[in-house]
Amino acid sequence: MDLDRDLNPQQREAVLHEGSPLLVLAGAGSGKTRALTYRIAHLVLHRGIAPWNILALTFTNKAAEEMRLRVQRLLGMEKPGIWIGTFHAICARILRRHIDRLGYRTNFVIYDASDQSRVVKSCLKRLGEEGKRIRPAAVQSLIEKAKNQAVDPALLVPQNAPMSRALGEVVADYRRHMEEANALDFGDLIFLVLRLFDAFPDIRATYQTRFHSILVDEYQDTNRAQHLLLRKVSSRNAELCVVGDDDQSIYRWRGAEVNNLLDFEKDFPGTRILTLEENYRSTQTILRAADAVARGNPERMEKRLWTLNETGEPVVYMEAPTSDGEAAFVVREIQRLVTEHQVPYRHIGVFFRTNAQSRPFEENCVFSRIPYAVIGSVRYYERAEVKDLLAYLRFLYNPSDTVSLLRIINQPPRGIGPATQAALQAYADRRGECLGKAIEHALENEVPSGASRGKIERFQGLIRKLRRQLEDAVPPEKLLKSVIELTGYRDYLQGKEDGERRLENVDEFVQTAAQFQGMEGDLGGRELLGAFLQRIALVSDIDQYEEKANCVSLMTLHCAKGLEFPIVFLTGMEDGVLPHQRSYTSPEALAEERRLCYVGITRAKKKLFLSRACRRSLYGESRQTAPSPFLASIPPDLIDFDNGSVERDALNSPEPAGYEVGEGDSALDYGESQLDRPPLPPPPAADRGRRFRIGDRITHETLGIGTVRKVEGTGYKEKITVQFAAGKIRKLMARISPVRKVS
DNA sequence: CCTCGGTGATTTTTT
DNA sequence: ATCACCGAGG
């Protein structure tokens with residue numbers, strides 16, 4: 001580590017500064033991670049601060065992981081013992097130690113949004129008719145919002161609204177449920193630590209004395225609760241260093257308050273402010289485009305990003321007739337880059353505003369045999385089969401976890417249907433116990449009668465057996481295997497749709513468990529399982545991103561933050577998409593969309609493509625679009641309008657040129673996506689959601705021409721059985737196989 | 001218990 | 001367009 005050689009003067013100062021709080025305003029690509037990691041290394045190596053006296057907070061596990069790795073490398077130590085992690089993970093760690101003081105047990109589980117939704121729904125159900133009129137999502141968002149602001153949700157229930165009484169009851173009931181289940185939601189992790197620190201000064205003092213030096217990354221993304229946490233955990237003589245960029249604040253909707261960054265100086269008097277303005281990532285052209293977009297927002301901290309990098313190529317702007325055409329263009333361009341310029345796939349990122357936009361890109365990639373990975377859309381841990389197994393583990397770990405119990409009690413089916421479940425639940429309610437407890441001795445008493453008795457007994461036996469394994473310190477992987485074996489889960493999946501793929505997911509899950517325990521080998525069975533479950537609850541999509549895999553990355557702009565790619569396609573540059581339609585409700589929301597656009601542009605190192613579809617179907621209907629207003633912010637001389645095929649002033653005209661689908665004089669004719677079929681008469685009702693019908697002639701990229709013999713499933717799950725010319729019969733997934741109809 | 005069809009809601013982004 | 005949820009029928 002050579003500070004003079006590796007860092008510029010501002011970075012160096014960020015590393016060396018001591019004696020007062022430090023705020024580093026770090027523009028995109030200005031090497032803030034470098035500054036942070038060097039600072040940590042410097043603290044340890046040259047200032048004699050013990051690693052365990054350092055706390056570094058990030059927003060994603062990936063950022064934490066990267067920081068840990070880089071610090072380790074700088075220090076040349078294997079496990080320095082620095083507390084590096086996300087806010088949520090660090091809080092979970094603190095709670096794991098002290099949560100008993102708040103009346104919870106230490107084997108709490110963390111509920112994700114869908115678990116939370118189940119709890120809310122069951123609370124609403126209990127309310128009867130009134131409950132039906134309240135949207136679960138509304139309750140969830142109220143609870144989340146409150147906790148983000150460090151306010152008791154009960155206090156945030158509107159007082160005079162028509163449903164306020166019912167709403168209040170749900171909120172209270174939710175809390176009861178969660179406490180009974182010994183479960184925490186995301187918001188609780190932060191919120192409860194605050195409560196813990198407030199109620200028990202001794203605990204707070206422990207951490208205050210522990211953390212001499214605290215560093216926070218992406219400070220513009222902190223919400224009020226996190227900000228308070230920072231204040232409470234930092235003592236008077238703690239050394240605070242926060243890094244952020246107001247231009248990259250894109251989580252306002254989730255409660256983030258940029259003002260935490262902007263007002264940092266007020267909260268921590270004597271703060272030294274540094275600005276990192278040299279960009280090491282992008283070409284001058286890209287940087288100028290980004291800067292122009294950012295300047296469209298009136299309220300921001302003035303920054304002048306500059307770079308010594310080359311001018312680079314112009315930004316390419318492209319208009320396609322439809323969203324499929326847009327995807328076809330992108331894919332075509334990718335192929336060109338790969339074949340003509342030897343660009344590896346992994347150097348390419350394709351970004352979009354919403355997850356729903358990914359489909360055409362996926363389809364076109366599949367068709368063109370381009371390896372790709374969608375980061376984030378279908379989350380691994382939310383797939384049914386993985387969640388099932390996870391629910392077993394969770395219920396074994398925490399017998400009060402009712403949500404998990406209800407998920408597995410009849411999965412795979414073992415004859416314990418809704419009626420039996422209701423009887424058990426009623427019994428549990430009568431005794432004022434949680435379902436799991438009640439089931440344990442339900443049989444000794446009157447409930448339930450008849451046929452279900454044996455079934456419950458068998459389930460009980462299963463759980464007992466598994467719990468015993470857990471007591472015997474059987475590690476997660478083995479436990480998981482036992483669950484699969486004892487429940488016959490494998491056979492159960494085999495018979496189902498998509499069985500193969502889902503089995504793969506199951507195997508992957510087992511491997512994840514094995515991998516995890518390999519890393520954390522020094523814990524016992526119970527603690528190990530707890531750590532494993534916690535890890536899973538707190539991983540995010542972006543954490544799954546692997547730069548090693550050589551494939552094109554498809555992701556939302558939110559996911560893209562913190563990453564960089566030599567080549568970036570920023571797609572869907574349309575009014576209503578970016579900025580999103582719903583952001584027009586407030587100027588603040590609109591400003592955030594602009595920052596989102598800025599984030600997207602600044603991910604690009606060498607070359608940036610912007611694209612738009614003149615027609616896009618949304619909610620099932622196709623609509624004409626206008627170019628994103630953000631495009632007009634970019635100086636035209638930076639843009640290559642694709643050889644004049646797009647009118648230069650197209651971006652300034654209020655109306656989009658009147659393109660017809662698939663044609664139009666000034667639109668580029670990339671044609672329809674290869675997956676599109678020629679227009680057909682509307683299919684009969686039975687074929688709704690299907691591309692194919694029995695008897696259709698199709699052509700497959702490698703298998704040749706064939707006839708559709710059977711069609712199963714609809715939409716994404718549509719499967720066709722095709723008899724090919726050579727006599728081969730194949731079953732294919734319609735949506736992802738390279739097939740197309742022959743007219 | 002499972003499957004099917006109909007219905008209604010839902011879609012921004014996620015630790 | 002797609003998904004979750006519900007009720008009916010096998």
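By convention in this document, chain letters (A, B, ...) are assigned in the order of the sequence lines, proteins followed by strands, and residues within each chain are numbered from 1.
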In this structure, how many angstroms lie between the [atom2] atom of [N] and the [atom1] atom of [X], rounded?
{"X": "Ile143(A)", "N": "dT14(B)", "atom1": "CD1", "atom2": "C1'", "answer": "17 Å"}
{"X": "Phe186(A)", "N": "dT13(B)", "atom1": "CZ", "atom2": "P", "answer": "16 Å"}
{"X": "Leu596(A)", "N": "dT14(B)", "atom1": "CG", "atom2": "P", "answer": "10 Å"}
{"X": "Gln226(A)", "N": "dT15(B)", "atom1": "CD", "atom2": "C1'", "answer": "8 Å"}
{"X": "Leu554(A)", "N": "dT13(B)", "atom1": "CG", "atom2": "P", "answer": "15 Å"}
{"X": "Gln411(A)", "N": "dC1(B)", "atom1": "CD", "atom2": "P", "answer": "11 Å"}
{"X": "Arg135(A)", "N": "dT11(B)", "atom1": "CZ", "atom2": "C1'", "answer": "12 Å"}
{"X": "Tyr251(A)", "N": "dT15(B)", "atom1": "OH", "atom2": "P", "answer": "7 Å"}

(request) Run the salt-bridge test on Asp221(A) and Arg254(A) with the 4.0 Å N-O cut-off and return the result as yes or no. (result) no
(message) Over 60° means perpendicular and under 30° means parallel, so tell me whether His558(A) and Trp253(A) are parallel, tilted or perpendicular.
(response) perpendicular
(message) Parallel, tilted or perpendicular, judged at 30° and 60°: which one describes the rings of Phe186(A) and His88(A)?
(response) perpendicular
(message) Stacking between dT13(B) and Trp253(A), yes or no? Criterion: centroid separation under 5.5 angstrom, plane angle under 30 degrees.
(response) yes
Side-chain N or O of [X] closer than 4.0 Å to phosphate OP1/OP2 of [N]:
{"X": "Lys121(A)", "N": "dC5(C)", "answer": "yes"}
{"X": "Asn61(A)", "N": "dT15(B)", "answer": "no"}
{"X": "Arg414(A)", "N": "dC1(B)", "answer": "no"}
{"X": "Asn355(A)", "N": "dT13(B)", "answer": "yes"}
{"X": "Ser617(A)", "N": "dA1(C)", "answer": "no"}
{"X": "Arg582(A)", "N": "dT13(B)", "answer": "no"}

(request) Report the nucleotide, chosen from dA9(B), dT15(B), dT13(B), that has the shortest atom-to-atom distance to any side-chain atom of Thr86(A). (result) dT15(B)
(request) Taking the six-membered ring of Phe516(A) (Phe, Tyr or Trp), confirm whether the NZ or CZ of Arg535(A) is under 6.0 Å from its centre and within 45° of its axis. (result) no
(request) May I ask you to say what Asp221(A) touches in the nucleic acid, namely base, sugar-phosphate or nothing, with a heavy-atom cut-off under 4.0 Å? (result) nothing
(request) Mind checking Gly415(A) for me? I need base, sugar-phosphate or nothing, with any heavy atom below 4.0 Å counting as a touch. (result) sugar-phosphate
(request) Quote, to the nearest angstrom, the P distance that separates dT13(B) from dA4(C). (result) 15 Å
(request) Applying side-chain hydrogen bond (donor to acceptor under 3.5 Å, both in side chains), name anything that partners Gln581(A), two or more places apart in sequence or on another chain. (result) none
(message) Quick check on DNA chain B: between Pro413(A) and Glu592(A), whose nearest nucleotide comes earlier from the 5' end?
(response) Pro413(A)
(request) Please tell me which of Glu144(A) and Ile416(A) maps to the more 5' nucleotide of DNA chain B, matching each residue to the nucleotide holding its nearest heavy atom. (result) Ile416(A)
(request) Report yes if the distance between the aromatic ring centroids of Phe87(A) and Phe59(A) is under 6.0 Å, otherwise no. (result) yes
